[in-house]
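The analysis underlying the following values was restricted to heavy atoms, covering all of them including side chains, and did not include hydrogens, waters or symmetry mates. The first residue in the sequence is number 1, and the count goes up from there. Note that ligands are numbered from 1 as they come in the structure, with each ligand's atoms numbered from 1 the same way.
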Amino acid sequence: MRLFTTTAGIRCYLKQHRQGLEVGLVPTMGALHAGHLSLIKQAKTQNKIVIVSIFVNPLQFAPTEDFQQYPRQLEQDRQLCEKVGVDAIVAPTAAEMGIISTTDSELTQVVPPPSMTSVLCGRSRIGHFQGVATIVTKLLNLIQPERAYFGEKDAQQLAIIQRLVEDLKLPVQIVPCPIVRESFGLAYSSRNQYLTPEQKEQAQVLYRGLAKAKNLFSLGERDRTPLINIVKQEISTVPAFQVEYLELVEPRTLIPLEQVAETGLLAIAAKIDSTRLIDNIILRNRQPIVAIDGPAGAGKSTVTRVVAQQLGLLYLDTGAMYRAVTWLVLQSGIALDDESAIAELVSQCQIKFVENQQNESSPQILINDYDVTQAIRSMEVTAQVSAIAALHSVRTELVRQQQNIGKKGGIVAEGRDIGTNVFPDAELKIFLTASVQERARRRLLELQKQGQENVTLEQLENLIQERDMSDSNRTFAPLRKAIDAVEIQTDNLSIVEVTNQIISLYKQQLTTNNHK
Ligand code: AMP
C-alpha cells in the first residue's frame with residue numbers, strides 16, 4: 001500500500017496503475033473506525049483500485065468548532081488501511097488541497113442549494129456544507145474515481161453530494177453505505193473518542209429513540225408528530241442530552257415532511273456535554289426487495305422466478321431488459337459498434353413490465369410501449385445480447401431504470417451485481433453459488449435434454465471456469481458477493497430446498513426489520 005501527501009504523488013500513482021481499471025474513492029477525515037472500514041470493504045467489492053483520502057478539512061469547521069482537537073492518528077489509520085487491502089492513501093496538507101486561507105473571499109468554492117444547507121445540521125453549522133461540497137469536488141477532480149463511497153450516517157452530506165454530482169454532471173457514481181453501529185446501537189463516529197464510558201452508555205438513547213420510531217412506523221404510523229414525539233420521549237430519559245434538532249425530511253431533497261409517503265429520513269443532532277452527535281434512520285414505506293446474485297449456472301433465474309411467484313412479488317427479469325434493448329438496437333439499424341448512437345437511443349427508451357393475463361409468474365415486457373415479450377427470445381437477439389449488455393452506457397441506463405422500477409419495492413431480481421450495485425439497500429441479499437463441477441453437470445443434463453450430445457463434462461467445466469474468471473474480472477459491474485449477502489451453496493440442494501431457504505430468510509428478515 002502507498003501513502004501520498006501530495007497531489008502530484010497520487011496523480012502520478014493513478015497514471016501508472018489505472019490502465020483502464022476502475023477506481024473507488026473513500027473520502028474520510030481519518031481516525032478510522034468500523035464505519036469507515038465498511039465503506040472501504042464495499043469499495044473493494046466494486047473496484048480494482050481503492051483509494052482512501054484522509055483530510056481534516058478546515059473549510060467545514062466553524063471557528064467555534066473542534067478543528068484543532070479533531071483526532072489525528074495517521075500511523076494507526078495507515079495500518080488499518082493496509083490490513084483491509086486499500087491500494088493507496090492520500091493524506092494531503094491544506095496547502096496541497098489549495099486551501100491557503102479559510103476566508104470565503106479568497107477561495108473558489110462550491111455552493112450547494114440553500115434549501116439543502118439551511119436545514120438540519122446546516123442551521124447551526126453555517127458554511128459547513130459549502131466546505132464539504134468544495135473539498136469533495138476537489139477530491140473527485142483529483143482522483144477521478146468511477147465510484148465514491150459515503151456513509152448514510154451523514155445523511156445530509158450524502159444528499160448534498162448526490163445533488164452536487166447530478167447538478168454539476170460529475171462523472172462519478174455516489175454509493176451510499178449503511179450506518180455501522182456498535183453492538184449497543186451507538187453509530188460509530190470519530191467523535192465518540194470524546195465520550196467518557198458513562199456518556200457512551202448514555203448515548204445509546206439516540207438509537208433507542210430512532211428504533212422506537214421505526215417500530216411505530218412499521219405498525220403503520222406515517223405522521224410527523226407521533227414519529228418525532230416517540231424519539232423525544234425516549235431521549236428525555238437521559239437529561240444529560242440536549243437535542244439540537246429532531247426532524248423528518250425527504251431523504252434526497254431534505255424537504256420537511258408532514259407525512260411519509262414513500263421514504264422519510266428521521267434525523268437527530270444532540271449534545272452531551274460539549275460533544276455533538278448525529279444519527280438518523282430511514283423510514284421506508286415500501287415492500288422489500290430481494291436481490292439474488294451469483295455465478296452463471298447456479299440456478300438463479302429458475303429460483304428467482306419461483307421465489308417471486310411464491311411471495312407474490314414482481315420478478316424483475318434484468319436479462320429480459322438487456323434483451324429488450326438489444327432488440328431495439330437491432331430494429332433501429334444502428335451499427336453495433338456505434339456506442340454513442342446506441343447510448344442516445346437507449347438513454348431515451350423506456351422499459352415496463354406489465355402483468356401477463358395468461359401467465360401470472362411471467363410478466364410481459366414493453367419497450368417504448370411495444371410488447372417485445374416474444375421478440376426478445378429470437379436467435380438474433382440471443383446472439384447480440386452479451387455484446388450490447390457489456391456497453392457501459394447501456395448498463396448505466398438500465399441500472400437507472402431497474403432502480404426506478406424498484407422504488408416501491410416488492411421485487412425479486414437476479415443478476416451479477418444486483419445486491420452490490422443496483423439495490424445495495426435490498427432487504428435481503430442472496431449469493432447463490434455451486435461448484436464448477438456441479439454447474440457443469442447441470443448444464444450437461446440440460447444440453448442432453450435438448451438432444452445435444454456432442455459436448456463433454458470436461459469441456460463444460462473449462463467453459464464455466466473461463467466464464468467465472470471473466471465475470472469476476474470485468475471492469476464494469478464485476479461479479480462479487482455483497483458484504484451482507486447470505487451465501488447459499490446449492491451443490492446438494494434441489495430447487496425446492498433452495499427456494500424454501502430463501503423464503504424462510506425473507507420471512508425472518510421481515511420480522512426482524514419490523515421489530516428493530
Ligand atoms: P468522516 O471521517 O467522519 O468524515 O467520515 C467519512 C465517511 O465515513 C463519511 O462518508 C461518513 O458518512 C462515513 N461514516 C462515518 N461513520 C460511519 C458509520 N458509523 N457508518 C457508516 N458510515 C460512516
Open item on the list: So that I can tick it off, tell me whether E221 and K214 are bridged by a salt bridge, with the cut-off set at under 4.0 angstrom between side-chain N and carboxylate O.
Closed with: no
Task: Lys/Arg N to Asp/Glu carboxylate O, R123 vs E244, below 4.0 Å - done: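 No salt bridge links R123 with E244.
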Give the numbers and elements of all ligand 1 atoms closer than 4.0 Å to a heavy atom of [X].
X	result
L39	7 (C), 8 (O), 10 (O), 13 (C), 22 (N)
F150	10 (O)
I179	20 (N), 21 (C)

Task: Non-hydrogen atom of P178 closer than 4.0 Å to ligand 1 - done: yes
Open item on the list: Taking a cutoff of less than 4.0 Å between a non-hydrogen atom of the residue and any ligand atom, is E152 in contact with ligand 1?
Closed with: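 Outside the 4.0 Å threshold, so no.
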Open item on the list: On a heavy-atom basis, I'd like to know which of Q157, H36, H33 is closest to atom 5 (O) of ligand 1.
Closed with: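 Checking each option, the heavy atom nearest atom 5 (O) of ligand 1 is found in H36.
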Task: Pairwise distance OG1(T45) to CG(N47) - rounded to 0.5 angstrom - done: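 These two atoms lie 7.5 Å from each other.
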Tell me which protein heavy atom sits closest to [atom], plus the residue, atom name and distance to 0.1 Å.
atom	answer
atom 12 (O) of ligand 1	D154 OD2, 2.6 Å
atom 20 (N) of ligand 1	V180 N, 2.8 Å
atom 6 (C) of ligand 1	P27 O, 3.3 Å

Is it the case that [X] and [Y] place a side-chain donor and acceptor less than 3.5 Å from each other?
X	Y	value
N57	Q60	yes
N421	Q173	yes
T7	E96	yes

Open item on the list: Counting only nitrogen or oxygen atoms and a 3.5 angstrom limit, does Y188 reach ligand 1?
Closed with: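 N/O-N/O distance under 3.5 Å: yes.
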